[in-house]
Amino acid sequence: MEGGLDFYQILLDSGIVVKFVLLILIACSVLSWAVIFQKRKEFNEINASNEKFLTFFYSNTNLVEIQKQATSHPDSSVGMMYNIGFDELVKIKSKLTENDKSAEVGNYFNEHGVQALERSLRKGATMAAEILERRLSLLASISSNAVFIGLFGTVWGIIDSFTGLAHGGGSIEAVAPGIAEALVATAVGLMAAIPAGVAYNVFYTKISVIQGQMDSFGQDFLNLIERNVLIKKDI
């Protein structure tokens, strides 16, 4: 618009400190969007894998066949839990076999409970949660700090503008471009912080849903073990 301020020209005319702040904010914005797209793809793959594995899990009772299905879906959070729980079950049976008690798997759980399996399931859930939360701390950092970085550039630019006004005795028109360039730093800071903050909240909502899914699966896994091991006394 005629008589308006050219945004690109403002950036070119800004001071070295403001330019440095803007470069940091642009880098933060690019990095946050890269994380957003990567995590979006990752969550889509995890949800798809979970859905496929759970469909197979709830329609089958053979532990070995389910384990093969879990292995074929490495992105599945509940599949990871199953694999770790199944491995613990195999280790327990192997230990009993070494002591010539291969037929007493059911008795072992009757006597000692299923705490070992519960611990293995919690381990699997923790490992899955670590994958889900990976790089989200970066989004949180950008969301909480980008605005303050932008404000620093704004304050510095305004101080620089009014310092020039005080020494040069000029009018407000003389410092208006400097103030404008300073305010651009705040605007860019908001542009970096807002998407990162929104994405962080959205992803943590998705994590809460998946964690609820994993909690329910843990109980269903133990029920399946009771039906297959405690009753049949075999894997």
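This is a predicted model, so every value here is computed, not measured.
Judged by distance alone, with hydrogens and angles left aside, the side-chain atoms of Asn60 form no donor-acceptor pair with the main-chain N or O of Asn62 at under 3.5 Å. No side-chain donor-acceptor contact under 3.5 Å links Ser216 to the backbone of Gln213. Between the side chain of Thr154 and the backbone N or O of Thr186 there is at least one donor-acceptor pair closer than 3.5 Å. Side-chain atoms of Ser120 come within 3.5 Å of backbone N or O of Leu117 as a donor-acceptor pair. With hydrogens and angles disregarded, no donor-acceptor distance shorter than 3.5 Å links the side chain of Lys39 to the backbone of Ala199.
Among all heavy-atom pairs drawn from Ile46 and Asp75, the shortest one is CG1-O, 3.4 Å. Contact detail for Ser29 and Ala192: the closest heavy-atom pair is CB-CB, 4.0 Å. Nearest approach of Ser76 to Asn50, heavy atoms of both residues: OG-OD1, 2.7 Å. Scanning all heavy atoms of the two residues, the minimum distance from Leu121 to Gly218 falls at CD1-O, 3.6 Å. Here the shortest heavy-atom pairing between Gly124 and Ile84 reads CA-CD1, 3.5 Å. Nearest heavy-atom pair, Gly79 versus Ala70, reported as atom, atom and distance to 0.1 Å: O-CB, 3.7 Å.
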task = Show your working on side-chain hydrogen bond (donor to acceptor under 3.5 Å, both in side chains) between Gln67 and Thr71 and close with a plain yes or no.
result = CA-CA 6 Å; Gln67 193 271 337; Thr71 302; 3.2 Å; yes
message = As a quick check of understanding, evaluate side-chain contact (heavy atoms from CB on, under 4.5 Å) for Asn83 and Met80, giving each step before the final call.
response = CA-CA 5 Å; Asn83 275 331; Met80 180 182 296; 5.8 Å; no
request  = Check the pair Glu88 / Lys123 against salt bridge (charged side-chain N to carboxylate O under 4.0 Å, His left out), numbers first and verdict last.
outcome  = CA-CA 11 Å; Glu88 183 62 27; Lys123 177 182 177 181; over 6 Å; no
inquiry  = Does Val78 form a side-chain contact (heavy atoms from CB on, under 4.5 Å) with Ile210? I'd like the steps, not just the answer.
reply    = CA-CA 9 Å; Val78 289; Ile210 295 175; over 6 Å; no
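No donor-acceptor contact under 3.5 angstrom links the side chains of Glu65 and Gln69, judged on distance only.
Tracing side-chain contacts under 4.5 Å through hydrophobic residues (I, L, V, M, F, W, Y), one never reaches Leu23 starting from Val30; they form parts of separate clusters. Val202 and Tyr204 end up in different hydrophobic clusters when Ile, Leu, Val, Met, Phe, Trp and Tyr side chains are linked at under 4.5 Å. Using a 4.5 Å cut-off between side-chain heavy atoms of Ile, Leu, Val, Met, Phe, Trp and Tyr, with links allowed through other members, Met191 and Val21 fall into different hydrophobic clusters. In the hydrophobic clustering of ILVMFWY residues, with side-chain heavy atoms under 4.5 Å counting as a link, Met214 and Leu224 come out together. One hydrophobic cluster, built from ILVMFWY side chains closer than 4.5 Å, holds both Tyr200 and Leu31.
Aromatic ring centroids of Phe148 and Phe152 lie 6.0 Å or more apart. Under the 6.0 Å cut-off for aromatic ring centres, Phe221 and Phe86 do not qualify, their centroids lying 6.0 Å or more apart.
Remark: Phe203 pairs with Phe43 by the ring pair (Phe, Tyr, Trp, His ring centres under 6.0 Å) rule, at least two apart or across chains.
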